[in-house]
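Here is the structure we will look at, set down as structure tokens.
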Amino acid sequence: MKLTADIELNLPSDARTGGCLTMPEVLRWRALHQAERTAFRFLQNGEEETTVMSYAELAESVESIAGFLQQQGLVGERVLILLPIGAEYVLAILGCMAAGAIPVPMAAPRPKRQCERLETIARDSLAKGVITSFALRDALATELDELTRHTNCSVFTIEECHSSNVWTPVTVDAQTLAYIQYTSGSTTAPRGVMVTHGNVLHNCQAIAAASQRDDADVVVSWLPFFHDMGLVGTLFCPLLYGYPLVFMPPEAFVMRPIRWLNLISKYRGTFSPAPNFAYDLCVQKISSEQRQSLDLSSWRVAFNGSERISDRSLNEFAKLFGPCGFSPQTMRPCYGLAEATLMVTCSTVDQPPRISQFRSSALALGTAVPVSDGTSLVSCGQPVESTEVVIVDPETRKLCPEGIVGEILISGPGVTAGYWNNQELTAELFEARIAD
């Protein structure tokens with residue numbers, strides 16, 4: 001075990017970080033002072049534990065991977081993470097950060113599908129490495145061979161990355177790039193959002209404040225780590241504040257949605273966010289017989305974000321799972337985006353979601369006119385800690401009066417450093433100003 005105590009993080013009891021701390025430093029601190037506390041539980045099929053790691057075990061594996069990456073000359077370089085969503089993905093992300101490399105989280109492409117995106121991102125990020133698994137390397141042999149021929153990437157398996165026992169801590173600060181989060185690219189080419197260590201820590205603190213975190217919190221999640229909601233909300237937040245993370249792969253949830261709620265019930269989960277579709281899936285797929293065994297009374301924060309939020313989804317989920325102990329106040333609609341690290345606004349604590357009706361024809365013309373029977377819109381709440389949000393006319397950039405639909409401008413420490421290798425778009429979108 002390669003742990004040193006030469007860095008004093010001065011981590012207060014609530015882990016608020018006024019200095020320039022990083023996730024690898026936080027992990028070192030926890031491994032030194034909370035070595036045996038459980039950091040991570042992984043359930044491959046969503047039902048049985050396959051991996052349980054303490055902070056000491058997590059740090060040991062992370063530092064071994066970091067040492068290997070340093071030996072490959074990847075300090076300061078971009079490294080694509082191309083792994084199944086699970087324990088090894090966590091180790092690869094944190095290992096890159098500890099090595100001083102810049103991880104680029106990716107969804108593992110299916111053979112002969114989505115490989116164009118892989119090469120596009122490898123070229124755009126100027127990646128020098130890819131971390132995958134033995135199984136994926138074999139399944140994607142042709143695609144990875146093409147990638148290495150057309151780019152400067154070298155391919156490493158996570159299994160061989162565990163081979164080092166020499167790791168050198170790196171010096172970074174709040175402005176240092178922590179990782180690059182690529183947007184979906186569904187309407188434009190994928191854009192690499194540059195997220196700094198300071199962005200991560202500030203947004204984690206904002207999420208903790210919005211959720212009124214508790215030392216006894218337990219996070220239950222199936223959200224993929226290549227998405228900002230999964231990476232920041234259910235990996236970095238638990239690490240920063242010392243919550244255990246109970247995790248199963250996304251496909252385990254999609255195949256049997258009851259597994260998600262079973263884990264919340266079994267492990268007494270308190271914090272478990274998801275996109276709107278997940279709540280719909282639970283309503284559609286979980287039978288009345290399955291609901292009989294659920295106890296959701298421990299579930300305190302169910303953030304709902306990442307896509308448009310439906311009032312019907314909120315109402316149906318609360319009605320169906322209310323008898324299982326789920327409170328309407330638990331559902332917390334929120335709004336965020338990768339360009340702001342993750343969370344921007346969140347609904348009020350201890351109140352059910354706010355739903356309002358507006359005249360549909362007026363909305364189409366850019367005006368919000370309240371009516372008693374119209375288009376239902378769910379409020380995503382108020383800006384989180386240290387974040388300012390204004391609505392402006394997209395043409396004039398002047399502030400919109402109340403009731404006028406406009407463009408959202410966001411300011412705060414969670415707003416990231418811009419788009420990788422795209423100064424023109426960064427200047428256009430990240431340096432927007434109110435007209436006056």
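Please read these numbers as outputs of a predicted model, since none were measured by experiment. Numbers for residues simply follow the sequence, beginning at 1.
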Between [X] (side chain) and [Y] (backbone), is there a donor-acceptor pair under 3.5 Å?
{"X": "Thr348", "Y": "Gln351", "value": "no"}
{"X": "Arg300", "Y": "Ser211", "value": "yes"}
{"X": "Trp420", "Y": "Asp124", "value": "yes"}
{"X": "Glu339", "Y": "Gly418", "value": "no"}
{"X": "Arg259", "Y": "Ala252", "value": "yes"}
{"X": "Thr387", "Y": "Gly412", "value": "no"}
{"X": "Ser163", "Y": "Glu160", "value": "yes"}
{"X": "Thr38", "Y": "Phe40", "value": "no"}
{"X": "Arg78", "Y": "Ile102", "value": "no"}
{"X": "Thr183", "Y": "Pro190", "value": "no"}

Heavy-atom side-chain contact between [X] and [Y] under 4.5 Å:
{"X": "Leu425", "Y": "Arg191", "answer": "yes"}
{"X": "Thr50", "Y": "Leu43", "answer": "no"}
{"X": "Pro383", "Y": "Val344", "answer": "no"}
{"X": "Asp217", "Y": "Asp214", "answer": "yes"}
{"X": "Thr270", "Y": "Tyr243", "answer": "no"}
{"X": "Val193", "Y": "Ile180", "answer": "no"}
{"X": "Pro238", "Y": "Val219", "answer": "yes"}
{"X": "Ile85", "Y": "Glu251", "answer": "no"}

Between [atom1] of [X] and [atom2] of [Y], what distance do you get to the nearest 0.5 Å?
{"X": "Ser386", "Y": "Gln205", "atom1": "OG", "atom2": "CD", "answer": "8.5 Å"}
{"X": "Cys400", "Y": "Leu409", "atom1": "SG", "atom2": "CG", "answer": "9.5 Å"}
{"X": "Arg332", "Y": "Ser347", "atom1": "CZ", "atom2": "OG", "answer": "4.5 Å"}
{"X": "Leu201", "Y": "Thr341", "atom1": "CG", "atom2": "OG1", "answer": "10.0 Å"}
{"X": "Asn45", "Y": "Met255", "atom1": "CG", "atom2": "CE", "answer": "9.5 Å"}

In residues 222-229, what donor-acceptor pairs under 3.5 Å come from side-chain atoms, sequence neighbours left out?
| residue | atom | partner | partner atom | Å |
| --- | --- | --- | --- | --- |
| His227 | ND1 | Met229 | N | 3.0 |
| Asp228 | OD2 | Ala338 | N | 3.0 |

Any side-chain donor near an acceptor of the partner, [X] and [Y], under 3.5 Å:
{"X": "His197", "Y": "Glu25", "result": "no"}
{"X": "Tyr279", "Y": "Glu316", "result": "no"}
{"X": "Asp215", "Y": "Tyr241", "result": "no"}
{"X": "Asp145", "Y": "Thr142", "result": "no"}
{"X": "Ser310", "Y": "Asn276", "result": "no"}
{"X": "Asn199", "Y": "Thr416", "result": "no"}

Under the side chain to side chain contact (heavy atoms under 4.5 Å, CB included) rule, collect the residues that match up with [X], sequence neighbours excluded.
{"X": "Cys334", "result": "Phe303, Met343, Cys346"}
{"X": "Leu377", "result": "Arg308, Phe358, Leu363, Thr375"}
{"X": "Glu395", "result": "Asp393"}

### Short N-O contact, Arg397 and Glu407, less than 4.0 angstrom
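Looking at Arg397 and Glu407, the cut-off is met.
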#### Entry: Test of ring centre spacing under 6.0 Å for Phe156 and Phe68
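So the answer is yes for these two rings.
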### Query
Listed by chain and number, what are the side chain to side chain donor-acceptor pair (under 3.5 Å) partners of Trp260, not counting sequence neighbours?
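With neighbours one apart ignored, the set is Ser272.
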### Message
Under 6.0 Å from the ring centre and within 45 degrees of the ring axis: does the NZ or CZ of Arg37 meet both conditions for the six-membered ring of Tyr55?
### Response
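No - Arg37 does not lie over the ring of Tyr55 by the 6.0 Å and 45° rule.
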Which heavy atom of [X] sits nearest to which heavy atom of [Y], and what is that distance?
{"X": "Leu314", "Y": "Pro353", "answer": "CD1-CB, 3.6 Å"}
{"X": "Ser379", "Y": "Pro333", "answer": "O-CB, 3.4 Å"}
{"X": "Phe253", "Y": "Ala278", "answer": "CZ-CB, 3.7 Å"}
{"X": "Met97", "Y": "Pro103", "answer": "CG-CG, 3.9 Å"}
{"X": "Cys153", "Y": "Ala127", "answer": "SG-O, 3.3 Å"}
{"X": "Gly67", "Y": "Trp167", "answer": "N-CD1, 3.8 Å"}

### Task
Verify side chain to side chain contact (heavy atoms under 4.5 Å, CB included) between Val232 and Cys204, making sure each step is shown before the conclusion.
CA-CA 7 Å; Val232 179; Cys204 285; 4.1 Å; yes
### Query
Between Trp29 and His33, what is the ring plane arrangement, given parallel below 30°, perpendicular above 60°, and tilted in between?
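The rings of Trp29 and His33 sit tilted, inter-plane angle from 30° to 60°.
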### Message
Could you walk me through whether Cys96 and Tyr179 satisfy the side chain to side chain contact (heavy atoms under 4.5 Å, CB included) test, starting with their C-alpha distance in whole Å, then the side-chain angles of each, then the deciding distance to 0.1 Å, before giving a yes or no?
### Response
CA-CA 9 Å; Cys96 283; Tyr179 61 94; over 6 Å; no
### Message
Atom CD of residue position Glu49 - does it have more than 12 heavy atoms of other residues, nucleotides or ligands inside 6.0 Å?
### Response
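Yes - once you tally the heavy atoms of other residues, nucleotides and ligands closer than 6.0 Å, there are more than 12.
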#### Entry: Glu307 atom CD, over 12 foreign heavy atoms within 6.0 Å
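Result for CD/Glu307: enclosed.
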Just list the side-chain donor-acceptor pairs under 3.5 Å for residues 128-140, sequence neighbours left out, or say none.
| residue | atom | partner | partner atom | Å |
| --- | --- | --- | --- | --- |
| Thr132 | OG1 | Leu82 | O | 2.9 |
| Ser133 | OG | Leu136 | N | 3.1 |

### Message
Assess the residue pair Met53 and Leu91 against the criterion (side chain to side chain contact (heavy atoms under 4.5 Å, CB included)); give the C-alpha distance rounded to whole Å, side-chain angles, the decisive distance to 0.1 Å, and a yes or no.
### Response
CA-CA 11 Å; Met53 302 187 78; Leu91 297 177; 4.2 Å; yes
### Task
Just do the side chain to side chain contact (heavy atoms under 4.5 Å, CB included) check on Tyr89 and Ile158 with the steps written out, would you?
CA-CA 9 Å; Tyr89 208 108; Ile158 190 67; over 6 Å; no
